[in-house]
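This report refers to the structure that appears directly beneath it.
In the text below, chain A, chain B and the rest are named by the order of the sequence lines, each starting its count at 1. Owing to the predicted nature of the structure, the values given are computational and were not obtained by experimental measurement. Values below: all heavy atoms of this structure, side chains included; hydrogens, waters and symmetry mates excluded.
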Number of protein chains: 2
Amino acid sequence: MIDPEGPVPLYEQLAAILRGQIERGELPPDRPIPSVARLQQEYGLARGTVLHTIRVLVDEGLVYVVPGKGTYVKAR
Amino acid sequence: MIDPEGPVPLYEQLAAILRGQIERGELPPDRPIPSVARLQQEYGLARGTVLHTIRVLVDEGLVYVVPGKGTYVKAR
DNA sequence: CGGAATTTGTTCGTATGTATT
DNA sequence: GAATACATACGAACAAATTCC
């Protein structure tokens, strides 16, 4: 799913994956996306890379973060 | 200038300092702001923290980055 | 109420790659 | 080629908020 060799940054590849899951409804509105630790394990990425991805999606208005709880798909 | 003990994140403190210097004209438009390494030394911050600050200011449209050259105050 | 577990937030350190001068 | 500077990515640590028992 993630290609560490390609020219596309890892955080961007992960962002694309999550965008797709959100748009296809696999991650429904007001439901949490997998935790940072989960995404880290699942895609073999470093924590910083996952956090970078979350920041990107928050900036895009796709998700919102509740500290100590989780990151949720924004309803729209 | 920067308080490592306070509740305000260091990157936000640094961003506030740079915003002030830009607004007061101490950092003129289309002129480079101090390098990441310089800010790092001057304020005793880590590289990642300074980079975070730069990202914030870029997102706010206050500065723009020219890869391999420097970070410049955006003219407006 | 106390404490452990979970999750996000912030920070530091380091390394590699890429672009410009 | 060398120096400078930003971008990405790894690892690690501690703090804060939340939840559950």
Side-chain angles (χ1 to χ4, degrees), chain A residues 1-19 21-22 27-75, chain B residues 1-19 21-22 27-75:
Chain A
M1 298 184 170
I2 294 229
D3 173 27
E5 309 303 320
V8 180
L10 300 183
Y11 75 85
E12 192 47 64
Q13 293 186 47
L14 178 56
I17 290 175
L18 294 178
R19 278 190 213 103
Q21 295 179 350
I22 291 173
L27 294 174
D30 288 320
R31 296 269 324 228
I33 71 174
S35 72
V36 173
R38 186 86 177 82
L39 292 172
Q40 209 176 317
Q41 295 169 6
E42 184 149 9
Y43 294 99
L45 298 175
R47 176 176 170 76
T49 306
V50 175
L51 290 176
H52 192 159
T53 300
I54 303 295
R55 274 198 304 272
V56 167
L57 297 179
V58 168
D59 287 348
E60 290 175 354
L62 282 179
V63 301
Y64 61 95
V65 174
V66 182
K69 221 181 156 192
T71 301
Y72 295 76
V73 179
K74 192 177 278 188
Chain B
M1 298 183 171
I2 293 233
D3 176 26
E5 307 301 314
V8 180
L10 298 182
Y11 77 86
E12 192 47 64
Q13 292 186 48
L14 178 56
I17 290 174
L18 294 176
R19 282 189 210 102
Q21 294 179 349
I22 291 173
L27 294 175
D30 288 317
R31 295 271 321 229
I33 70 174
S35 72
V36 172
R38 186 84 176 82
L39 293 172
Q40 211 174 314
Q41 295 169 6
E42 184 150 11
Y43 295 101
L45 298 174
R47 173 179 178 76
T49 305
V50 175
L51 291 176
H52 193 161
T53 300
I54 303 296
R55 275 198 302 272
V56 168
L57 297 179
V58 168
D59 287 349
E60 291 175 354
L62 283 179
V63 302
Y64 60 95
V65 174
V66 182
K69 218 181 159 194
T71 300
Y72 294 75
V73 179
K74 193 176 277 188

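Of all the heavy atoms in A:Q40 and A:L45, the pair that sits closest is CG-O, 2.8 Å. Closest approach of B:Y64 and B:D30 over heavy atoms only: OH-OD1, 2.8 Å. Heavy atoms only, all atoms of each residue included: A:V36 and A:R47 are closest at CG1-NH1, 3.7 Å. Residue B:P29 comes nearest to B:A75 through the heavy atom pair CB-CA, 3.9 Å, listed as atom of the first residue, atom of the second, then distance.
Whole-Å rounding puts the B:D3 CG to C:dT11 C1' distance at 15 Å. Rounded to a whole Å, the OH atom of A:Y43 is 16 Å from the P atom of D:dA9. Here D:dC6 presents its P atom at 13 Å from CZ of B:R38, a figure rounded to the nearest Å. Between the C1' atom of D:dA9 and the CD atom of A:E5 lies a distance of 13 Å, rounded to the nearest Å. When rounded to the nearest whole Å, the span between CD1 of A:I2 and C1' of D:dA9 equals 12 Å. When the C1' atom of D:dA7 is taken as reference, atom OH of B:Y64 falls 19 Å away, rounded to whole Å. One atom, CD1 of B:I33, and another, P of D:dA5, lie 12 Å apart when rounded to the nearest Å. Regarding A:Q13, its CD atom lies at a distance of 13 Å from the P atom of D:dT8, rounded to whole Å.
Taking 4.0 angstrom as the limit, B:Y11 places none of its side-chain polar atoms (N or O) nearer than this to OP1 or OP2 of C:dT11. Look at B:T71 and you won't find any side-chain N or O under 4.0 angstrom from OP1 or OP2 of D:dA5.
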Extract from the structure each pairing of a protein N or O with an N or O of nucleotides 12-16 of chain C at less than 3.5 Å, listing the distance.
unit_1 : atom_1 : unit_2 : atom_2 : d
C:dC12 : OP2    : B:A46  : N      : 3.2
C:dC12 : OP2    : B:T49  : OG1    : 2.3

What's touching nucleotides 18-21 of chain D from the protein side, N or O pairs under 3.5 Å?
unit_1 : atom_1 : unit_2 : atom_2 : d
D:dT18 : O4'    : A:G68  : O      : 3.4

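Between B:V63 and B:K74, the closest side-chain pair of non-hydrogen atoms is not below 4.5 Å.
With sequence neighbours excluded, the residues satisfying side chain to side chain contact (heavy atoms under 4.5 Å, CB included) with A:V65 are A:I54, A:V58, A:P67, A:T71. Remark: B:Q21 pairs with B:I17, B:L18, B:R24, B:E26, B:L27, B:Y43 by the side chain to side chain contact (heavy atoms under 4.5 Å, CB included) rule, at least two apart or across chains. Listed by chain and residue number, A:Y11, A:E12 satisfy the side chain to side chain contact (heavy atoms under 4.5 Å, CB included) test with A:P9 (two or more places apart in sequence, or in another chain). Taking the side-chain hydrogen bond (donor to acceptor under 3.5 Å, both in side chains) definition, one finds that A:D3 meets it with nothing, sequence neighbours left out. Take B:R38 and apply the salt bridge (Lys or Arg N to Asp or Glu O under 4.0 Å) test, not counting sequence neighbours, and it matches B:E42. A:K69 is linked by a side chain to side chain contact (heavy atoms under 4.5 Å, CB included) to A:V66, A:Y72, counting only residues two or more places apart in sequence or in another chain.
A side chain to side chain donor-acceptor pair (under 3.5 Å) check over residues 48-62 of chain A, counting only residues at least two apart or in different chains, returns the pairs A:R19-A:E60.
Judged by closest nucleotide on DNA chain D, B:V36 is the one of A:P9 and B:V36 placed further toward the 5' end.
As the counterpart of C:dT7, D:dA16 is assigned, both hydrogen-bonding distances of the Watson-Crick or G-U wobble pattern falling under 3.5 Å.
Residues from residues 51-62 of chain A with heavy atoms under 4.0 angstrom of DNA chain C, sorted by number: A:L51.
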